[in-house]
Every structure is written in C-alpha cells, then in structure tokens.
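I have placed the structure first, in the form of structure tokens, so that the comments after it can refer back to it.
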Protein chains: 2
Amino acid sequence: MANNKTVSEKNPLGDLRMTKQRKVVYDVLVEGAKDHPTASEVFVRAKELMPSISLATVYNCLETMTQAGVVTQVNMDREASRFCPNLQPHAHFFCSECEEIFDVGLKEKEAPTTPWALPDGMEIDQLLVNMRGVCPKCAAKNSNN
Amino acid sequence: MANNKTVSEKNPLGDLRMTKQRKVVYDVLVEGAKDHPTASEVFVRAKELMPSISLATVYNCLETMTQAGVVTQVNMDREASRFCPNLQPHAHFFCSECEEIFDVGLKEKEAPTTPWALPDGMEIDQLLVNMRGVCPKCAAKNSNN
DNA sequence: TAGCCTTTTTAGAATAATTCTAAGAATAAT
DNA sequence: ATTATTCTTAGAATTATTCTAAAAAGGCTA
Ligand SMILES: [Mn+2]
Ligand SMILES: [Mn+2]
Ligand SMILES: [Zn+2]
Ligand SMILES: [Zn+2]
C-alpha cells in the first residue's frame, strides 16, 4: 500500500509540502497574474495575508516553486527577477513607457525556434524571449498627442 | 570648417575618445569573439595587454561601448553579464554541458518576431533570445557513449 | 609651450539582489 | 511520545555592479 499520496493528492509541488507560507506566496502570484512581481513585491503582498512571513521565506518559496515548475523566473537585463505563474509557452514584453510586463503568446502552429538557424545536432531544452518597446496602450497615447 | 573629425575619422565610439584602455578592451572582445567573456574575464585578458588597467575601467569601457552600440551585453539568468562584439542580429545558446555560449543566427528571410502573436499596436524596439541545451559537439559525445 | 577645460581612469567604498547559516518551529514517521 | 525530516526565520555573507572623488590624460587656444 505504501505511499499512494503523491498519486491521489496531486500536490503541484510533488513531494514538497504545500505549507501555509507557500500557499500565500503562490496565491499572491496567481492573483497578480498579469503583474510579474519581484521577490520584494511578493513579500509586501504576502505580508498582507500573513504578516509574520519573512523575506527569506519568500525567496525560498519562489525558488522551490521555480524548481517544481509551478512558476517561472523572468529575468530582464540585470533587474530583480520577476515571477510568473503562466505555464503556457510565452515571451515577455517590457513596455519602456509604463514599465509593465506583458505576456506574449505563440501564434498557432508556430514554434519559437522557427526563425533561428540552429546548427545540426543542437538540442534546445529551453528558449527565453524578452522584448522591449512600447505597449499598445502607450503607443496609442503617444500618437494622439 | 569646424569639426569635420567625426565625419572623416569614423570613430565607432562617436564623440567619445578611443583611448588606449578602450582599445585594449575592444581588442580583447573581438579576439575572443566566440567567447562572450564576463567583465572579470575581460579584465584578466586586458591586463595581459596593459597590466595597469583597472577593473573599474573595464566596466566603464564595456558600458561606454554598449551605449555606443559597438558591443552587446548578454544576460543569461542571474549570472554575470557577458559581452559580445557580434553586431549581426543573433540569439545566444548556452550549452549546459561544456558551459560555452554560441551565437545562433537568423534563417534567411525570417524575423525573430515571426512566431509570436504580438497584440495590435505593440512596438518592438528590441528582442532578446536566450537558449539553453546541449551543443552539437557535446550531443555527439553523449550519443557514442 | 603654458594654461585651461573636459574627459577618462583609478582605487576603494557603497549598493542591491540574492544566497547562506544556524537555530528554532512545524510536520511527519516510528 | 519520541525521533527524524522539512521548513521558516533573522541576520550575516556574498557577488556583480555602480558610485565617488581625486589624479591623470588629452585637447584647445592664446
Ligand atoms: Mn509571464
Ligand atoms: Mn553573441
Ligand atoms: Zn506601456
Ligand atoms: Zn557543449
């Protein structure tokens, strides 16, 4: 009979416990889904739900969940990492005007590697795409000046 | 007559001086073109050509040249920035086995945005692509185990 | 060339995000 | 209940990078 727990309970963290702190951190991320908060921003929001939580724990939880594949760590340039709960394959777009980050999905039937001339035999495990520019809202705002 | 210098001398740094230190740093980058060294690696190599150069200067030169568009700063995850003198549009591939970085060019007639479903009105100024996986050499090595 | 102004270099201090450490708390296993 | 394991926590440590302020170099004009 042994350990049928992992099968029946489908803990998204696998063998790791879904502790109170981890739940809070995850909820914060899902709530601000469009948002891509940094660890410190997650910390501030998490404290509203659990005032005793520590920054170290937020870092630990974010790392744990990243490892478990529940969230993605987004690095743009040298800025603080941001975290994203969207598990679909997508690129990140940073608007240099409003400084928000947007998810950009793949077109139907397209692979992100398509435009690239990959040498024969190269195996791609991961592909990250970061864009920078002006988002539709800001672009519109600019054009009717 | 005034200042016809920028026109006639085509200094790739524009108005900025091509100093002895900047030349050394640039030479190091071009020499190890395939290499994508970090600032500290550039520093070590630069010292061979100019033992008196300082790390601060290497950082300054790299930033200057990045601003001037002569080199590109490559950021993979949270690791130290690397620097690349290849001005052609290209992606970066990190081999998790040999830990080297390779340039990956665009296919003919392809644009890096092709596979992405960009919302109407979004203006892209810059697009960065980082890949991770196993390079052809390492993949071959693995398969004839 | 001498004097002046601007740019660049330099060593070391400061910064900021992240990771590490070690001890206590929570949870699970026996 | 006892023990073992995992998790949380505060604070110290780390690391790449940026900042600071003073000296050096380079350019320009008289
Ligand atoms: Mn995202
Ligand atoms: Mn490159
Ligand atoms: Zn915007
Ligand atoms: Zn390799």
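Within every chain, numbering begins at 1; the chains are lettered A, B, ... in the order of the sequence lines, protein sequences first and strands thereafter.
Rounded to whole angstrom, the span from the CZ atom of A:F43 across to the P atom of C:dT18 amounts to 14 Å. As rounded to whole Å, 15 Å separates atom P of C:dT7 from atom CD of B:Q67. One atom, NZ of B:K47, and another, P of C:dT9, lie 17 Å apart when rounded to the nearest Å.
A salt bridge is defined here as a Lys NZ or Arg NE, NH1 or NH2 lying under 4.0 Å from an Asp or Glu carboxylate O, and A:D77 with A:R132 meets this definition. The existence of a salt bridge linking B:D35 and B:R45 is confirmed by a sub-4.0 Å separation between a basic side-chain nitrogen and an acidic carboxylate oxygen.
For the pair A:S81 (side chain) and A:V74 (backbone), a donor-acceptor distance under 3.5 Å is absent.
Among the candidates A:F93, A:F94, A:F102, the single residue satisfying the side-chain contact (heavy atoms from CB on, under 4.5 Å) test with A:M131 is A:F93.
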*Taking protein heavy atoms under 4.0 Å as touching, what does nucleotides 6-19 of chain D look like 5' to 3' if B marks base contact, S marks sugar-phosphate-only contact and - marks none?*
BSBBB-----SBB-
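Qualifying ring pair (Phe, Tyr, Trp, His ring centres under 6.0 Å) partners for A:H92, counting only residues two or more places apart in sequence or in other chains: A:H36, A:H90.
Cluster annotation: B:V28 is connected to B:L13 through the hydrophobic network of ILVMFWY side chains, with a link wherever side-chain heavy atoms come within less than 4.5 Å.
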_Could you walk me through whether B:I124 and B:M122 satisfy the side-chain contact (heavy atoms from CB on, under 4.5 Å) test, starting with their C-alpha distance in whole Å, then the side-chain angles of each, then the deciding distance to 0.1 Å, before giving a yes or no?_
CA-CA 6 Å; B:I124 311 291; B:M122 186 176 264; 4.2 Å; yes
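Rounded to 10 degrees, the angle separating the terminal axes of the helix from C:dT1-D:dA30 to C:dT30-D:dA1 is 20°, with each axis obtained from five end pairs.
Side-chain contact annotation: B:N142 with B:E97, donor-acceptor N/O pair under 3.5 Å present.
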